[in-house]
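Comments concern the structure below.
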Amino acid sequence: MAERVKKCGRALRPHAKAHKCVEIARRQLAAGACGICVATLAEAELMAGGGISGLLLTSPVADPLKISRLAQTGAMVVVDHLVQVEWFQEAARAASRKIDVLVDLDVGDHRTGARPGSEALEIAQAVDRSAHLQLRGLQAYSVNGSHAGGFEQRQRNSRRTFEVAAEVRDAMTRAGLFTEILSGGSTGTWDIDTGLPELTELQAGSYALMDLAYRREGLDFEHALTVMATVVSANHENLVTVDAGVKAFSTDRGYGPEALNLPGSKYRWGGDEFGYLDVEDSAKRPQLGDRIEFIPPHCDPTVNLYNAIHAHRRNKVEAVWRVKDL
């Protein structure tokens, strides 16, 4: 991904919400990333504590106590309301710091973001007037962009997203405001977004791990993440039970995980701690005690269920990387 984005003349600021792992973030920076995105205060504090630089918190924050802690991380932040500007200004003043700020735009998803036009411009001007804040530009992220459908539909969504952002950016430029950064995009639209003239940095995150959802979108990044389970019951001809249920995988995609290297098998949810694995050929049925790796439906919420990632090469564990902790 780093090589591809560089060839397109854009910057890559990968999103750590996918892996929540300082070691992976270090490797992403070493590969050429300009910084790291985070989604929560906890992630910002984790990455800052691990010495990760160039942080961007992509979620608006509306709690002065959290904002005061964010000021200590050195992260760039996003705002979509005038009150947030006041809170960040006060936190930065109290911490004797200057905080970099992007105006978060609502590009049509209505999840977060200021409305394009006068509202976004007013917020940008408020940031620009604040002595302890530094306006850096805009964030334009489409919630639905990654899984909007086929390539053409994702392309239409991305073009619409950044056309909206460009109009706001141009209005800010006419008002004499700083617009160096236009940050957004995702793994599912990386090849579309990096070809658009408006984008300056890509926020893709899941590419580093991959999952079934992105494979269904036709992306060619390899699967780096699996969940290892063990066959704990094998008393039926075409069925075994593994010790990985709804507590082991994400459940938000409407389908379960897929067993690696077991073509023709199908996973079914079996409860909190269990899953069923149906096999077509009883001769190839896994045996009691066998370990089976599964590709999760959605990598981000799956990683969030664990405290460590076991990094292995050729079936040998070379390192254990902490998740959500140093």
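Just the heavy atoms: all of them, side chains too, but no hydrogens, waters or symmetry mates, feed the values below.
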Side chains of Pro257 and Pro297, heavy atoms from C-beta outward: is any pair under 4.5 Å?
yes
Quick check: closest heavy atoms across Ile123 and Leu82, and the distance to 0.1 Å?
CA-CD2, 3.9 Å
Can the ring centres of Tyr267 and Phe294 be said to be less than 6.0 Å apart?
yes
Minimum heavy-atom distance between Gly35 and Arg13, given as atom pair plus value
C-CG, 3.3 Å
Between Glu201 and Leu56, is any pair of side-chain heavy atoms under 4.5 Å apart?
yes
Answer yes or no: is there a donor N or O on one side and an acceptor on the other, between the side chain of His236 and the main chain of Asn238, under 3.5 Å?
no
Using atom types as modelled and distance alone, determine if a side-chain donor or acceptor of Thr189 lies under 3.5 Å from a backbone N or O of Gly185.
no
Taking Leu29 as the fixed residue, which of Leu12, Ile24, Ile36 is the one that meets the side-chain contact (heavy atoms from CB on, under 4.5 Å) rule?
Ile36
With sequence neighbours excluded, give me every salt bridge (Lys or Arg N to Asp or Glu O under 4.0 Å) pair touching residues 14-42.
Lys17-Asp300, Lys20-Glu43, Glu23-Arg26, Glu23-Arg27
Taking the side chain as every heavy atom from C-beta outward, state whether Leu209 and His19 have any atom pair closer than 4.5 Å.
yes
Reported CD1-to-CG distance for the pair Ile67 and Leu57, which is rounded to 0.5 angstrom:
10.0 Å
Quick one, Leu102 and Leu138 - any side-chain contact, counting heavy atoms below 4.5 Å?
no
Apply side chain to side chain contact (heavy atoms under 4.5 Å, CB included) to the pair Asp191 and Phe151, showing each step before the final yes or no.
CA-CA 10 Å; Asp191 50 346; Phe151 179 84; 3.8 Å; yes
pair Leu202-Met1: side-chain heavy atoms closer than 4.5 Å:
yes
Do Arg160 and Glu163 sit within salt-bridge range, that is, some charged N less than 4.0 Å from a carboxylate O?
no
Looking at Gln84 and His81, would you say the former's side chain and the latter's main chain have a donor-acceptor pair under 3.5 Å?
yes
Please lay out, stage by stage, how Val61 and Leu41 fare under the test side chain to side chain contact (heavy atoms under 4.5 Å, CB included).
CA-CA 9 Å; Val61 179; Leu41 168 63; over 6 Å; no
Is Asp243 reaching over with its side chain to a backbone N or O of Thr230, donor-acceptor style, under 3.5 angstrom?
yes
Donor-acceptor under 3.5 Å (Asp109 side chain, Arg111 main chain):
no
Taking a hydrophobic cluster as the set of Ile, Leu, Val, Met, Phe, Trp and Tyr residues connected by side-chain heavy atoms closer than 4.5 Å, whether directly or through intermediates, do Val38 and Leu326 fall within one such cluster?
yes
Any chain of hydrophobic side-chain contacts (each under 4.5 Å) joining Tyr306 to Met228?
no
Group every Ile, Leu, Val, Met, Phe, Trp and Tyr by side-chain heavy-atom contacts under 4.5 Å, then state whether Trp269 and Leu212 land in the same group.
no
When you check the gap from the basic side-chain N to the acidic O, do Arg4 and Asp220 get nearer than 4.0 Å?
yes
If you measure only the distance, is there a donor-acceptor pair under 3.5 Å linking the side chains of Gln139 and Gln203?
yes
Hey, does Leu121 have a side-chain heavy atom less than 4.5 Å from the side chain of Met172?
yes
With no hydrogens and no angle check, is any side-chain donor or acceptor of Ser265 less than 3.5 Å from a backbone partner on Val279?
no
Salt-bridge criterion met for Lys247 and Glu273 (N-O under 4.0 Å)
yes
Start with the C-alpha gap between Leu105 and Val168, add the side-chain angles, then the distance that decides, and say whether side chain to side chain contact (heavy atoms under 4.5 Å, CB included) holds.
CA-CA 9 Å; Leu105 291 179; Val168 177; 4.0 Å; yes
Between Asp106 and Arg115, is there a salt bridge with N-O shorter than 4.0 Å?
no
Between Ile99 and Gln134, is there a side-chain heavy-atom distance shorter than 4.5 Å?
no
Are any of the side-chain heavy atoms of Arg216 and Tyr255 separated by less than 4.5 Å?
yes
Tell me, with the steps shown, if Glu90 and Arg93 meet salt bridge (charged side-chain N to carboxylate O under 4.0 Å, His left out).
CA-CA 5 Å; Glu90 176 54 29; Arg93 184 201 61 78; 2.5 Å; yes
Judged by atom type as modelled, is there a donor-acceptor pair below 3.5 Å linking the side chain of Ser130 to the main-chain atoms of Ala126?
yes
Expected output: side-chain Asp290 to main-chain Gln287 donor-acceptor under 3.5 Å:
yes
Do we see a donor-acceptor contact under 3.5 Å between the side chains of Asp211 and His298?
no
Any link between Val83 and Val127 through a network of hydrophobic side chains (Ile, Leu, Val, Met, Phe, Trp, Tyr) touching at under 4.5 Å?
yes
Check whether Asp80 reaches the backbone of Ala114 with its side chain - one donor and one acceptor, N or O, closer than 3.5 Å.
no
Check whether any side-chain N or O of Ser158 sits under 3.5 Å from a backbone N or O of Gln155 as a donor-acceptor pair, and report yes or no.
no
Decide side chain to side chain contact (heavy atoms under 4.5 Å, CB included) for Val79 and Phe88; before the verdict, give the C-alpha distance in whole Å, the side-chain angles of both, and the deciding distance to 0.1 Å.
CA-CA 9 Å; Val79 295; Phe88 274 110; 3.7 Å; yes
Test salt bridge (charged side-chain N to carboxylate O under 4.0 Å, His left out) on Lys266 and Glu258 and set out the steps.
CA-CA 7 Å; Lys266 182 175 177 58; Glu258 181 179 295; over 6 Å; no
